[in-house]
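Note that ligands are numbered from 1 as they come in the structure, with each ligand's atoms numbered from 1 the same way.
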Amino acid sequence: MNLPIASAAAQVVRGACPHDCPDTCALKITVEHGRVTRVQGDPDHPPTHGALCTKVSRYPERTYHDERVLRPLKRIGPKGSGQFAPVGWDEALTDIAARLQAIAARDPQAIVPYSYAGTMGMLQGESIAARFFHTLGASLLDRTICASAGGDALAATYGGKLGMHLEHFVDSKLILIWGSNSITSNLHFWTFAQQAKRNGAKLICIDPRRTETADKCHQHIALLPGTDGALALGLMHELIVNGWLDEDYIARHVDGFDLLREKALAWPPERTAQVCGIEAEVVRTLAREYATTRPAAIRLNYGMQRVRGGGNAVRLIAMLPCLIGAWKQRGGGLLLSASGWLKAHKNSAALERPDLLGDRRPRTINMSTIGDDLQRESSPEFGPRIEALIVYNSNPVAVAPQSPKVVEGFKREDLFTVVLEHFLTDTADHADYVLPATTQLEHLDVHGSYGHTYVLLNQPAVAPLGEAKPNTQIFRELAAHMGLAEPCLRDSDEQLAEQALIGVDMAALREQGWFKLPVPELPFADGGFPTPNGKVIVNAPGHGVPDFVPNYEAALSSPELAERYPLAMISPPARHFLNSSFVNVKSLRAVEGEPLVEMHPADAASRGIADGALVRVFNDRGSYRCKAALNDRARPGVVNGLGVWWRKLGRDGTNVNELTSQRLTDIGRAPTFYDCLVEVEAA
Ligand SMILES: Nc1nc2c(c(=O)[nH]1)N[C@H]1C(S)=C(S)[C@@H](COP(=O)(O)OP(=O)(O)OC[C@H]3O[C@@H](n4cnc5c(=O)[nH]c(N)nc54)[C@H](O)[C@@H]3O)O[C@H]1N2
Ligand SMILES: Nc1nc2c(c(=O)[nH]1)N[C@H]1C(S)=C(S)[C@@H](COP(=O)(O)OP(=O)(O)OC[C@H]3O[C@@H](n4cnc5c(=O)[nH]c(N)nc54)[C@H](O)[C@@H]3O)O[C@H]1N2
Ligand SMILES: [Mo]
């Protein structure tokens, strides 16, 4: 592969945004005198259309940040203190290799990789890293922290994580923006939605929080957190009793609808409204508009599945477009994730080489319960106590639920922790070794997307800064220091890029920087779901018929808890951060100000809390101090703790995950970040 490393002359290099976002933008990176001076969106890439979010247009500020980790660091203070001394690469890798070898000799499953989507790249994500851990026979990681409730639910319904083309939303006449703050977290979808709006479409936002997206929609339905399944059943009730079903589409393409009909008939608008905390008339009107407007689309997003019943709710909502035959038209249907379209084109087996495990079947650790799992002793059920953690592309001390437990685990003196990072994050502060990783501007990668149907190539724009190395190179060198002879551990990034994709014109990808996958225009217009019989599944094996599942923590299911902690807390993304990334970029942190909890003025008044007052948000798991912002972005009974701050940049070294629980969703073993009761008092 051709790698245009910058020379003195100004040049433009094609790249891709690596972040965990549905938009995966195509970038044009200007390099002058060996330094990136500008990052812009590619005007020719249809989803990006030349625009970038504020965060990524400031990418050079992140890459050239004066706090970048640019040399390997070895811990010299107590765990968590962030006290390190620089060491040479060879010294660091020799010591790490010896430590891991000693553990692996007892049981390689005591070594746990911990990674997520800090970069979504196929190379710098799971390629050499996966090969390395598979060769060792280390524990496997269940990557559940974000999307597995909704993702598994969607796959249980449609047969894959499949949905509408992003570009088709311009043709919609009604768009339900459901559990998504698009302006914050899916900006490039929002552009298409606005175009639809200009063409006469009605936009309805379904979200407990009055977000900036809700402000710009025609209507906002502020339901209680975790009640989306009830709303979907209420809508189905109305579709059924008013004769608004597409009987023909259902007969031909939905398997088991009668089972669902029975459930839905138990949800008249009054019951639905009571559970959701909204008016019955809102349910009736929404059902009528959804049934009678064509084309009708749903942009569902992962915000609504971070609760106990998140999987069931996604299954119910995913039925709606099938009941009205919305899939028959361009601009109709649903999009939660488009990543299933990539599946046929991403050669995961070649990149990750699970065959290197041979006959070994290591145990799997769920990343969402790392707090508890770090405390477990060896046992026949659990397997060996976790002795080593290798963290890359993730900041679990900040982002994993119930952080008091996570911190306690990372502080264990008998745990050996290596963190590959750009910065000294809350997690890196707990490492025995921090290894400096390159950013997207410094390495090669290949990307798909979960919000559109293109693949992208990211060419390195500049040479690695300082002594930083790509994740791939770090794992190659670590493997060599451990004497692992497996030849595929030596594949170069260029070779990996050649192995990554199937059925993609690599010449076009190199030339243009992006390539549209061959996805059918109207994939489900005439059924054809990738399920065993081609039909949408109601009664899913192992899951049964979908139903409303109330939150763990709600008056409905735990009245005693709700008496002590009467406020439901959600912790959705802050616009200028990306999970915990960018919190340390000063210009972006300045816009967000400081950690806040939004409260409705009525909830604040009864607690004697003034706007801007310092408050303590607490429950049985922990306590978090921040400022109260009183406004109607919060509905009564719900508080919004905007996420996810670095703990050490928060007020008392905590963030919102001090309060969240490690309980898991109904489907997908995912965290329930937004299923969390709290109380708030003036601090
Ligand atoms: N700027 C920015 N962009 C991001 C991210 C970020 O942190 N910052 N995160 C990225 C990631 S990791 C992901 S997974 C994606 C998608 O990330 P999502 O988590 O889907 O992000 P949003 O769409 O911002 O937020 C979800 C919305 O759901 C709402 N919500 C919370 N609980 C409920 C509920 O029970 N029901 C309903 N209907 N709504 C609820 C929240 O108020 C919020 O407005 O976005 C990505 N994009
Ligand atoms: N309370 C609450 N908690 C949440 C959420 C919420 O809404 N509320 N959202 C959840 C969601 S949706 C998600 S996806 C998770 C996300 O959690 P994480 O995947 O941990 O995401 P980030 O916090 O962005 O941390 C990613 C880290 O990877 C690093 N990184 C980026 N690129 C590279 C690279 O090329 N190499 C290496 N070695 N490192 C790199 C970054 O510097 C950053 O520190 O958080 C979850 N946590
Ligand atoms: Mo996510």
Side-chain angles (χ1 to χ4, degrees), residues 18-23 53-55 62 114-121 124-125 143 145-147 150 177-187 205-214 221-228 231 300-307 309-310 313 367-368 391-401 403 419-423 425-428 435-440 442-443 445 450-451 468 470-471 474 551 568-584 633 638 640-644 646 655-657 659-660 671 673-676:
H19 285 293
D20 187 352
C21 169
D23 296 12
C53 68
T54 320
K55 306 178 291 302
R62 186 176 187 279
Y114 196 102
S115 68
Y116 200 62
T119 168
M120 302 218 42
Q124 308 308 332
R143 292 187 170 81
I145 201 141
C146 168
I177 300 181
W178 197 327
S180 171
N181 182 3
S182 315
I183 294 179
T184 278
S185 64
N186 192 188
L187 186 62
C205 181
I206 304 175
D207 191 316
R209 178 170 184 252
R210 187 171 63 71
T211 59
E212 55 270 51
T213 306
I221 300 175
L223 79 184
L224 286 167
T227 62
D228 304 85
L231 181 57
L300 192 61
N301 211 340
Y302 287 111
M304 49 67 63
Q305 48 97 68
R306 309 193 198 293
V307 292
M367 69 187 301
S368 303
V391 183
Y392 50 105
N393 305 338
S394 185
N395 182 12
V397 171
V399 305
S403 33
V419 178
L420 284 61
E421 252 300 348
H422 301 149
F423 296 105
T425 60
D426 293 325
T427 305
L435 302 178
T438 45
T439 69
Q440 191 77 344
E442 302 151 68
H443 57 224
D445 221 327
Y450 60 99
N471 291 345
I474 297 174
N551 278 4
M569 186 189 77
I570 57 172
S571 46
R575 181 167 180 184
H576 297 88
F577 301 153
L578 199 132
N579 301 314
S580 78
S581 293
F582 297 100
V583 178
N584 63 325
R633 295 218 175 274
V638 179
N640 312 320
L642 298 183
V644 180
W646 282 19
N655 72 14
V656 79
N657 280 319
L659 306 168
T660 53
F673 291 114
Y674 303 169
D675 183 341
C676 178

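Ranked by closest heavy atom to atom 26 (C) of ligand 1, the top entry among Pro22, Gly179, Cys21 is Gly179. Which of Ser571, Ser115, Gly643 comes nearest to atom 6 (C) of ligand 2 through a heavy atom is settled by distance: it is Ser571. Checking Leu642, Thr184, Val307, Asn186 against atom 3 (N) of ligand 1, the nearest heavy atom belongs to Thr184. Taking only non-hydrogen atoms, the option from Ile145, Thr438, Asp426 nearest to atom 15 (C) of ligand 2 is Ile145.
Taking only nitrogen or oxygen atoms, main chain and side chain alike, Val399 reaches within less than 3.5 Å of ligand 2. Ligand 2 has no nitrogen or oxygen under 3.5 angstrom from a nitrogen or oxygen of Val644. An N or O contact shorter than 3.5 Å links Ile206 to ligand 1 by distance. The shortest N or O to N or O distance between Thr227 and ligand 1 is not below 3.5 Å. Taking only nitrogen or oxygen atoms, main chain and side chain alike, Asn657 reaches within less than 3.5 Å of ligand 2. Not a single N or O atom of Tyr116, backbone or side chain, sits closer than 3.5 Å to an N or O atom of ligand 2. Close N/O approach between Arg62 and ligand 2 is found [any backbone or side-chain N/O within under 3.5 Å]. Where the criterion is an N or O separation shorter than 3.5 Å, residue side chain and backbone included, Phe423 fails it with respect to ligand 2. Any N or O atom pair closer than 3.5 Å counts here, and Asn393 shares at least one such pair with ligand 2. Of the polar atoms of Asp228, at least one N or O is found under 3.5 Å from an N or O of ligand 1, judged by distance alone. Where the criterion is an N or O separation shorter than 3.5 Å, residue side chain and backbone included, Gly226 meets it with respect to ligand 1. Residue Ser185 has at least one N or O atom closer than 3.5 Å to an N or O atom of ligand 1. For ligand 1, the polar-atom distance check finds no N/O of Arg209 at less than 3.5 Å from any of the ligand's N/O atoms. For ligand 1, the polar-atom distance check against Arg575 finds a nitrogen or oxygen pair separated by under 3.5 Å. For ligand 2, one of its N or O atoms has an N or O atom of Ser581 under 3.5 Å away. In terms of polar-atom proximity, Leu223 is not counted as a contact of ligand 1, lacking any N or O under 3.5 Å from an N or O of the ligand. For a threshold of 3.5 Å applied to N or O pairs, the pair formed by Gln124 and ligand 2 contains no separation below that value. Any N or O atom pair closer than 3.5 Å counts here, and Ser580 shares at least one such pair with ligand 2.
Of all the atoms in ligand 2, the ones that sit under 4.0 Å from a non-hydrogen atom of Gly118 are 26 (C), 28 (O), 31 (C), 32 (N). For ligand 2, the atoms sitting less than 4.0 Å from at least one non-hydrogen atom of Leu578 are 24 (O), numbered in the order shown with element in parentheses. Those atoms of ligand 2 that come under 4.0 Å of a heavy atom in Thr425, given as number and element, are 44 (O). Of all atoms in ligand 2, numbered sequentially from 1 with element shown, those under 4.0 Å from a heavy atom of Tyr674 are 6 (C), 7 (O), 8 (N).
With a 4.0 Å heavy-atom cut-off, ligand 1 is reached by the backbone of Ser180 and by its side chain too. In His443, the part holding a heavy atom less than 4.0 Å from any atom of ligand 2 is the side chain. Contacts between Arg306 and ligand 2 below 4.0 angstrom, taking non-hydrogen atoms only, involve the side chain exclusively. The proximity of Ala117 to ligand 1, defined as any non-hydrogen pair under 4.0 Å, does not occur for either the backbone or the side chain. When heavy-atom distances to ligand 2 are checked against a 4.0 Å cut-off, Thr427 has no atom that comes that close, whether in backbone or side chain.
Counting all heavy atoms, side chain and backbone alike, Val399 lies closest to Ile145 at O-CD1, 4.1 Å. What you find for Pro396 and Val391 is that their closest heavy atoms are CD-CG1, 3.8 Å.
Side-chain contact between Leu224 and Val638: present, with at least one pair of heavy atoms (C-beta onward) separated by less than 4.5 Å.
With no hydrogens or angles considered, no side-chain donor-acceptor pair links Asn551 and Tyr674 at under 3.5 Å. Looking at Asn393 and Ser115, their side chains never bring a donor and an acceptor atom within 3.5 Å of each other.
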*List the steps, then state whether side-chain contact (heavy atoms from CB on, under 4.5 Å) holds for Val656 with Phe673.*
CA-CA 10 Å; Val656 79; Phe673 291 114; over 6 Å; no
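Contact annotation: Phe582 has no heavy atom less than 4.0 Å from any atom of ligand 2.
Applying side chain to side chain donor-acceptor pair (under 3.5 Å) to Thr438 and the options Gln124, His422, His443 leaves one that passes, His443.
For the atom pair SG (Cys21) and OH (Tyr450), the distance works out to 6.0 Å, reported to the nearest 0.5 Å.
For atom 12 (S) of ligand 1, the closest heavy atom belonging to the protein is Asn579 ND2, 3.1 Å.
Of the possible polar contacts, one joining the Asp23 side chain to the Leu187 backbone as a donor-acceptor pair under 3.5 Å is found.
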